[in-house]
**Q** 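Here it is, the structure in full.
Letters A, B, ... are given to chains in the order of the sequence lines, protein chains preceding strands, and every chain is numbered from 1.
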Number of protein chains: 2
Amino acid sequence: MSAEVRLQDVADAAGVSIATASRALAGKDRVSRKTQTLVKRTAERLGYQVNAAARALREGSNRTIGMIIPVVGNPFYAQVVHAVEAELQEQDLELIIADSHGEIEREARRLDLLLGGRVEGVIVVPSDAQGSSEALIKTAARIPLVQLDRRVEGLASDFIGVDNDRGIDLVIAHLREQGVRSIVYIGANDNTSVGRERRLAFARASAGLDVHEPIFGNFSREYGLEAGAALVARGELPDAIVCGDDLIAVGVLGALRAAGKRVPRDTLLTGFDDTLLAEITDPPLTSVVQPIAALAREAIRALVLRTEDRDAPTFYSRIAPQLVVRESTSRP
Amino acid sequence: MSAEVRLQDVADAAGVSIATASRALAGKDRVSRKTQTLVKRTAERLGYQVNAAARALREGSNRTIGMIIPVVGNPFYAQVVHAVEAELQEQDLELIIADSHGEIEREARRLDLLLGGRVEGVIVVPSDAQGSSEALIKTAARIPLVQLDRRVEGLASDFIGVDNDRGIDLVIAHLREQGVRSIVYIGANDNTSVGRERRLAFARASAGLDVHEPIFGNFSREYGLEAGAALVARGELPDAIVCGDDLIAVGVLGALRAAGKRVPRDTLLTGFDDTLLAEITDPPLTSVVQPIAALAREAIRALVLRTEDRDAPTFYSRIAPQLVVRESTSRP
DNA sequence: CATGTTTGCGTAATCGTTTACACAGAGAAT
DNA sequence: ATTCTCTGTGTAAACGATTACGCAAACATG
């Protein structure tokens, strides 16, 4: 039980007014040294904890930010959440997370819920480049919003993401060095900005190579398995397979193995994101390292800036990734 | 931007008092059909959103629960978060998550922050069986708390976890069927209840087999690599290696591969948790499937019950896992 | 000594909701 | 016609913290 102790109780116990007690604890207003320590000690003794709701109501802010992601289960997003959370702890901010399960209306519903002063700002990884647009625009009109990793069309909010062009460039330059002549891309469709960007980047960067017909689905292992099987069914494999992310690559690898094909002997294979998965497959995957910590830091910085000045110029930031080379692309 | 619209504004626009407006929206008190729809429509038109802080202050609750876990980056916990979040959505509850990074004082600090009425209850996966005890006891005295997956010593709070005994039993029974004679356990130390339980379960269930000296560290791939190398260095491998979780198993597998040993040819290998990892290694790992959805559901149910009645008898629940057999234990 | 200035603290208003209480009007019962 | 019960609505008091404003005492300045 421990009857909730209010500020009034602390004030009473310390023999001061509630105003003084508040000031003493805040410590940034004029209070005598003596009363300050007295109040602080009393608060400590009574186990006083400020009531977050009351403070939020009065202050108009609650030191909490929201985050909406397609699915925490995806190792990449799990790591993003981890990084964002770590960064927020530095600033004594809380994190409310909501999983949209990649569904547009669920996403919209969650955003609505977060609106009522529940959070000061929101970081969102939109689930669909078009479909998420409406809800995001509505939200952004009310509270600071930054898009992370992916973005929707028609919303000029702050955005932080990896430089997908550069990432794909790194992959293809590396493959060319390995002597690759023919190549194929297995990625995600244009439903997400990331899918679209990587697709276009691949099309551009692969000029001059023998490019096989690409295959597009979504960022999942299941799809990778399917796509891998489809690729094998075509007959001859290209020299290298570039995948839209690690999950797809893992799926493709599984399909190749099931068909008796070996990597890197029969074809080279690359992923994107450099999640834990890339390290544990056999062979380990060459992948593009997302600068997750930097992404998280920048996203929060953008959010804080936006909170301070709603009319500051929009922040559009692309962070350069790096390539990590592993056995899946070591020349046979 | 879009001047916050208050309930008063809706009331004014609808030409009723603020009390009536509130009742109309709540819909559970006596209001005429006509005013009710009028108010609702007006609220809709003005884009009214109740202010969460004000409501929380008044109601004394905020429909938010907190969750503290050792590390979201761990695929198993990422899935747990996903399941808990999905379950909470059903009940229109929000989820605040905090990552303790496995550090005791960080965990304590986060719990303190959550205390001030910020959440109605908290689900925690304690980072240390002894070290986390104090902070958890303090928290449990103030708000409903349920321990998930792991528990600390000296706190009789509600608890939901997998039946580790049964899980290990399933693994060993299966290995015996495969004709295993000699066996070793590579798991985590007693710092967590899970580590301890699995260790003891193994010791009990392996009776009658040729049990090699076990190796204990923590639940991580890095440790698995290390332990695997140490095992190889001993010279001869046992017929089977039972690991404390998938991460360790993945590490051990890597170490075996580096040493030129093959699974299941040279030894059988098992994991625990059945995360995505178990499916994508080569060979895929036999593992114990955690009933994650059930765990999440039960945890929330316990929390809700506890919220309704602080003095209800303590809930201690063990959910039975299942075994999923994959190639890592298919008899050579 | 008279007049500022600073310091420390208390009173009361405020944030936006919900809801106990009161009250007016409409029927119903006498 | 008088009293009684419902219904629907409004007035005002919470919830707990922060802070503008004001006042008294202490101190400084002329």
**Q** Heavy atoms of chain A, cut-off under 4.0 Å: which first and last nucleotide of DNA chain C, 5' to 3', fall inside that, if you could look?
**A**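 That gives a stretch of dT7(C) to dG16(C).
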**Q** At what angle, to 10 degrees, do the two end axes of the helix from dC1(C)-dG30(D) to dT30(C)-dA1(D) meet, given five pairs define each axis?
**A**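 That helix gives 50° between its end axes.
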**Q** Would you call Arg151(A) and Ser157(A) a side-chain contact if the rule is heavy atoms closer than 4.5 Å?
**A**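 A side-chain contact under 4.5 Å is absent here.
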**Q** Assess, by modelled atom type and distance only, whether the side chains of Ser133(B) and Glu153(B) contain a donor and an acceptor separated by less than 3.5 Å.
**A**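 Judged by distance alone, the side chains do not pair up.
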**Q** The test is side-chain contact (heavy atoms from CB on, under 4.5 Å); show your working for Leu114(A) and Ile96(A) and say whether it passes.
**A** CA-CA 9 Å; Leu114(A) 291 180; Ile96(A) 286 190; 3.9 Å; yes
**Q** How long is the straight-line distance from NE2 of His101(B) back to CZ of Arg110(B), given to the nearest 0.5 Å?
**A**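 So the gap between those two atoms works out to 8.5 Å.
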**Q** Want to settle it: does Leu57(B) or Ser32(B) sit nearer the 5' end of DNA chain D, counting the closest nucleotide to each?
**A**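 Looking at DNA chain D, the more 5' nearest nucleotide goes with Ser32(B).
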**Q** How far apart are the C-alpha atoms of Val122(B) and Ile65(B), what are their side-chain angles, what is the distance that settles it, and do they pass the side-chain contact (heavy atoms from CB on, under 4.5 Å) test?
**A** CA-CA 6 Å; Val122(B) 54; Ile65(B) 77 130; over 6 Å; no
**Q** Evaluate the side-chain contact (heavy atoms from CB on, under 4.5 Å) criterion for residues Phe315(A) and Val146(A): first the C-alpha distance (whole Å), next the side-chain angles of each, then the deciding distance (0.1 Å), finally the verdict.
**A** CA-CA 9 Å; Phe315(A) 200 42; Val146(A) 1; over 6 Å; no
**Q** Before accepting this row, confirm whether a basic side-chain N of the pair Arg109(B)/Asp112(B) lies closer than 4.0 Å to the acidic partner's carboxylate O.
**A**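 Looking at Asp112(B) together with Arg109(B), the answer is no, because their closest N to O distance does not fall below 4.0 Å.
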**Q** Just by distance, with hydrogens left out, do Thr64(B) and Arg118(A) show a side-chain donor and acceptor under 3.5 Å apart?
**A**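 Note: Thr64(B) and Arg118(A) side chains meet the donor-acceptor criterion.
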**Q** Give a yes-or-no answer on whether the side chains of Tyr77(A) and Asp99(A) include a donor-acceptor pair shorter than 3.5 Å.
**A**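 The answer is no; no qualifying pair exists.
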**Q** Dump every N/O contact between nucleotides 17-20 of chain D and the protein below 3.5 Å, one line per pair.
**A**
from, atom 1, to, atom 2, distance (Å)
dA17(D), OP1, Tyr48(A), OH, 2.7
dA17(D), OP2, Leu7(A), N, 2.5
dA17(D), O5', Tyr48(A), OH, 3.4
dT18(D), OP1, Arg55(A), NE, 3.1
dT18(D), OP1, Arg55(A), NH2, 2.9
dT18(D), OP2, Ser22(A), OG, 2.9
dT18(D), O3', Glu59(A), OE1, 3.3
dT18(D), O2, Arg58(A), NH1, 2.2
dT19(D), OP1, Glu59(A), OE1, 3.4
dT19(D), O4', Arg58(A), NH2, 3.2

**Q** For Arg301(B) and Glu298(B), run salt bridge (Lys or Arg N to Asp or Glu O under 4.0 Å): C-alpha distance rounded to whole Å, both residues' side-chain angles, the deciding distance at 0.1 Å, then the answer.
**A** CA-CA 5 Å; Arg301(B) 201 165 68 85; Glu298(B) 285 299 292; 3.4 Å; yes
